[in-house]
Amino acid sequence: MDRRSTSPSSPGNHFVDIHEVLPEEIEVGAIKRAADKPPDKRVNRPIRFRDGRQRQQRSFSRQVSLETGFSVLNRESRGGDNERKVLSRSGLSFGGFESANRVVGEGTGKGDFSMFRTKSTLSKQNSLLPSRKERENNLDSHQRNNEGSGGPEESVNKSVPVGRYFAALRGPELDEVKDYEDILLPKDKTWPFLLRFPIGCYGICLGLSSQVVLWKALAMSPATQFLHVTPFINLSLWILALTVILSVSITYFLKCIYYFEAVRREWFHPVRINFFFAPWVVCMFMAIGAPRALAPGPPHPAIWCILMAPYFLLELKIYGQWLSGGKRRLCKVANPSSHLSVVGNFVGAILASKVDWKEAAKFFWAVGFAHYLVLFVTLYQRLPTSEALPKELHPVYSMFIAAPSAASIAWEAIYGEFDGLSRTCYFIALFLYVSLVVRINFFTGFRFSVAWWSYTFPMTTVSVATIKYAEHQPCVISKGLALALSFMSSTMVAVLCVSTLLHAFVWHTLFPNDLAIAITKKRQAKDKKPGLATKKAYDLRRWTKQSPLSFVSNMTKQNSGSKTTGLDRENGSEGEE
C-alpha cells in the first residue's frame, strides 16, 4: 500500500492507494529484511519446544515410525488422549520379520487359536478387533514375502502334504512333533477342549462295542454254556457303549462346527484318516451285539443300508487314492491303523448276513479280503519307496490281527460253517496274536493315550473268532483257548477303563494339546541363511542400539575401507598394464 499526501488545502485528508501485492514481491521483501538484520547468536543453540504436548507428540510419532505401529498412531489421533504412550521395544516388530517367526513358532497371542476356527466365527471375532485385524494382515503380507517362512495363512488354508506329516512328526500314531519343528499354536498354554479332542476317541467306542459282541457270544454260544454268563452283562455293556458313543459323537460334531480346520487336518493325517471309518464300524458292532431284550429278531435291512452307505463312499475315496498313486499311494501312507479301513468290510459282511443279504455280504467280504492282502504285504515287506515305520514298539501292531479274525467270522456267518478258508484266516490271526504276546516289551515303556483303546478290539475280535472255532471244533483246548483270550480281552478293557477315568477326572491329562494338527505346511527355514529383508532389519536394529559416536566411527571406517579398496584396484590395474 502507498500513501500519498494531498494538496495543502486539505491537510487533514489522506488517500490510500490499494493494489494487489504479488507473492514474488513478498518473498523478495522477506529476503531483503532477513539480509538487513544482524546475525542472531542463538542460531546454533538447540531448539527448545515451548509446548510440551508438541514434543511428546513428535517423539511418539517418531517411535511409531520405527516400530511400524501405524494403527496405534491412528487410534491416538482419533481418541485425543493426552497421556504419554511408550511402545515396548522387544526387537520383534521391525517390519514383521521376526514377529512372523514368533507367531509360527511360539504363538503366544490369545487370538492364535482363531486360525483353526470356522470362518463364520472367525469373521465375527475379527469384526470386534479392527486394529488387530490390520496388524494380522500386515503380518501375513510380510510372511508371504519372506522366503521359507511358511506362515499361518499358507499352512492353515491349504492342505498339508502327506510327506510333511512323516517329516515333522514321530511316534507310532504320528502325534509327537520333532524337536527341530515349529507349530502354529502355543505349546505352553492349554488349548480349547474341542481343539484337543481327537478323532482317535472313537477307539474307546470300538473297544466297548466289540466287548458287547463278545459278551453276547459268551452268553449264547453252546461252547461257553458251562460259564453260565448272564445276558444282563451284555445289556449293561450295550447301554454303556451307547452312552459313550453319543457323547463322543456329539463332542466331535461340535468340533466340526467350531474348529473345522482342525478336522480337515485330521482328515489329511495319514494315521487319523483311518479313524473316520470308526463311527460306522462301531454302529455295526452295536447292531450285531444288540441284546435279545431290545432286539429279539434280526436287524432291519435299512440299518445296514444306512451304516454301509457312508462307509462305501469313504472306501471309494481312500481305496482310489491307494490305487491311483500320487502322494497318497498305499506304499507311502500304509501304517497299521490302515486296517481300520479294511475291517469294516468284514463287519459289514457279518451284518449283511444277519439281515439275510448274502450277496451283499459276499461282495464286501471279497473287497475287504483283496485289500487286506495288499495291505498286509505292504506293511510286512515295507517297500523302499514307502516311509519307514517308527522304531518304537507299540501295541499298534495288534491291528494286524483284526482283519483276518473278522474275515473268519464273516465267512462263517455267510456260509454257516467254519470251513477251510475260515480256519485259514483264523489261524493267521492266531499266529500273529501269539507272536505279539510273547514279546512283552512291545507293550511297555510308553505313555497312555486315547489311541490305546483302538488296540483292544482286535483282541476282542480274535476272541470271538476263537469262540466260533470252538463251536465247530469242540474240545478242551479250543474251549480253554476261547476262555483265556476272552479273559485277556476283558481284562485289557477294564484296565483301560480305569486308566481313562483316572487321567480324565483325577490327573486331568487325558486330552493334552494335539500338536499333530498344528504343524506348518513347510519346514521353518531355521538352518537357511537369512534373506535380504531379514538382514536389513537386523542391521537396522544393530545401528539403532549403537551410540552416535560409534555409529559415525563405523561409517568412517567403512568409507575409508571402500576408498582403500578402490585405490588397491587402481594400483592393481596399473600393475597389470
Side-chain angles (χ1 to χ4, degrees), residues 100 103-141 143-144 149-162 164-165 168-169 174-175 177 182-187 189-202 205 245-280 310 313-314 317-318 328 450 510-522:
V103 172
V104 175
E106 300 175 0
T108 57
K110 293 182 180 180
D112 294 336
F113 299 111
S114 61
M115 68 177 63
F116 284 93
R117 285 185 177 271
T118 308
K119 292 183 179 180
S120 59
T121 308
L122 181 60
S123 61
K124 293 179 182 179
Q125 188 178 22
N126 286 340
S127 63
L128 300 176
L129 301 172
S131 61
R132 178 178 295 179
K133 184 176 180 181
E134 294 175 1
R135 291 197 298 269
E136 289 177 355
N137 293 333
N138 295 331
L139 182 62
D140 292 340
S141 62
Q143 291 171 356
R144 286 192 294 267
S149 62
E153 185 70 21
E154 182 183 9
S155 299
V156 173
N157 293 337
K158 295 183 180 180
S159 61
V160 181
V162 64
R164 178 65 184 145
Y165 287 99
L169 303 174
L174 292 180
D175 57 348
V177 182
D182 288 331
I183 61 173
L184 298 173
L185 299 180
K187 295 181 180 180
K189 290 184 179 181
T190 302
W191 299 358
F193 172 73
L194 293 178
L195 202 58
R196 293 183 285 115
F197 191 83
I199 195 173
C201 292
Y202 277 103
C205 305
I245 291 169
L246 292 177
S247 302
V248 173
S249 300
I250 292 174
T251 305
Y252 200 78
F253 180 73
L254 293 176
K255 181 178 180 179
C256 295
I257 295 176
Y258 293 104
Y259 294 99
F260 184 75
E261 294 296 333
V263 175
R264 192 164 67 97
R265 283 184 165 238
E266 288 188 313
W267 169 261
F268 289 107
H269 195 280
V271 174
R272 299 188 183 183
I273 188 175
N274 301 294
F275 284 90
F276 284 90
F277 293 90
W280 318 110
L313 295 177
L314 287 175
K317 176 66 175 180
I318 302 303
R328 297 185 183 274
V450 179
L510 184 60
F511 299 109
N513 292 338
D514 193 5
L515 304 180
I517 64 172
I519 62 173
T520 57
K521 182 183 177 183
K522 297 179 181 179

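Hydrogens, waters and symmetry mates are skipped; everything else that's a heavy atom, side chains included, is used. Predicted, not measured: the structure shown is a model, and the values here were computed from it.
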From [X] [atom1] over to [Y] [atom2], what is the distance, rounded to the nearest 0.5 angstrom?
X    : Y    : atom1 : atom2 : result
D182 : K187 : CG    : NZ    : 7.0 Å
L194 : Y259 : CG    : OH    : 6.5 Å
I199 : N274 : CD1   : CG    : 10.0 Å

query = Considering only heavy atoms from C-beta outward, does the side chain of T251 approach that of F193 to under 4.5 Å?
reply =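 They are in contact (side-chain heavy atoms under 4.5 Å apart), so the answer is yes.
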
request  = Before giving the answer on side-chain contact (heavy atoms from CB on, under 4.5 Å), spell out for V248 and F197 the whole-Å C-alpha distance, their side-chain angles and the decisive distance to 0.1 Å.
outcome  = CA-CA 9 Å; V248 173; F197 191 83; 4.0 Å; yes

request  = Name all residues meeting the side-chain hydrogen bond (donor to acceptor under 3.5 Å, both in side chains) criterion together with Y252; count only those two or more places apart in sequence or in a different chain, and write none if there are none.
outcome  =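 Testing Y252 for side-chain hydrogen bond (donor to acceptor under 3.5 Å, both in side chains), a comparison that skips the adjacent residues, returns E266.
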
Sidechain-backbone polar pair: H269 side chain, L174 backbone, donor-acceptor under 3.5 Å =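 Present.
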
Heavy-atom pair with the smallest gap, counting every atom of [X] and [Y]:
X    : Y    : answer
V263 : F276 : O-CZ, 4.1 Å
F268 : V160 : CB-O, 4.3 Å
K317 : W267 : CG-CZ2, 4.0 Å
F511 : C201 : CE2-SG, 3.3 Å
F275 : G200 : CD2-CA, 4.0 Å
R265 : L184 : NH2-CD1, 3.7 Å

key: Intermediate values then yes/no, side-chain contact (heavy atoms from CB on, under 4.5 Å), F277 and I318   = CA-CA 10 Å; F277 293 90; I318 302 303; 3.7 Å; yes

message = Please list all pairs meeting salt bridge (Lys or Arg N to Asp or Glu O under 4.0 Å) that have one or both residues in residues 190-200, counting only residues at least two apart or in different chains.
response =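 For residues 190-200: none.
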
Check residues 512-519 and write down every donor-acceptor pair under 3.5 Å in which the side-chain atom is one partner and the other belongs to a residue at least two apart or another chain.
| from | atom 1 | to | atom 2 | distance (Å) |
| --- | --- | --- | --- | --- |
| N513 | OD1 | W191 | N | 3.1 |
| N513 | ND2 | K189 | O | 2.7 |
| D514 | OD1 | R272 | NH1 | 3.2 |
| D514 | OD1 | R272 | NH2 | 2.7 |
| D514 | OD2 | R272 | NH1 | 2.5 |

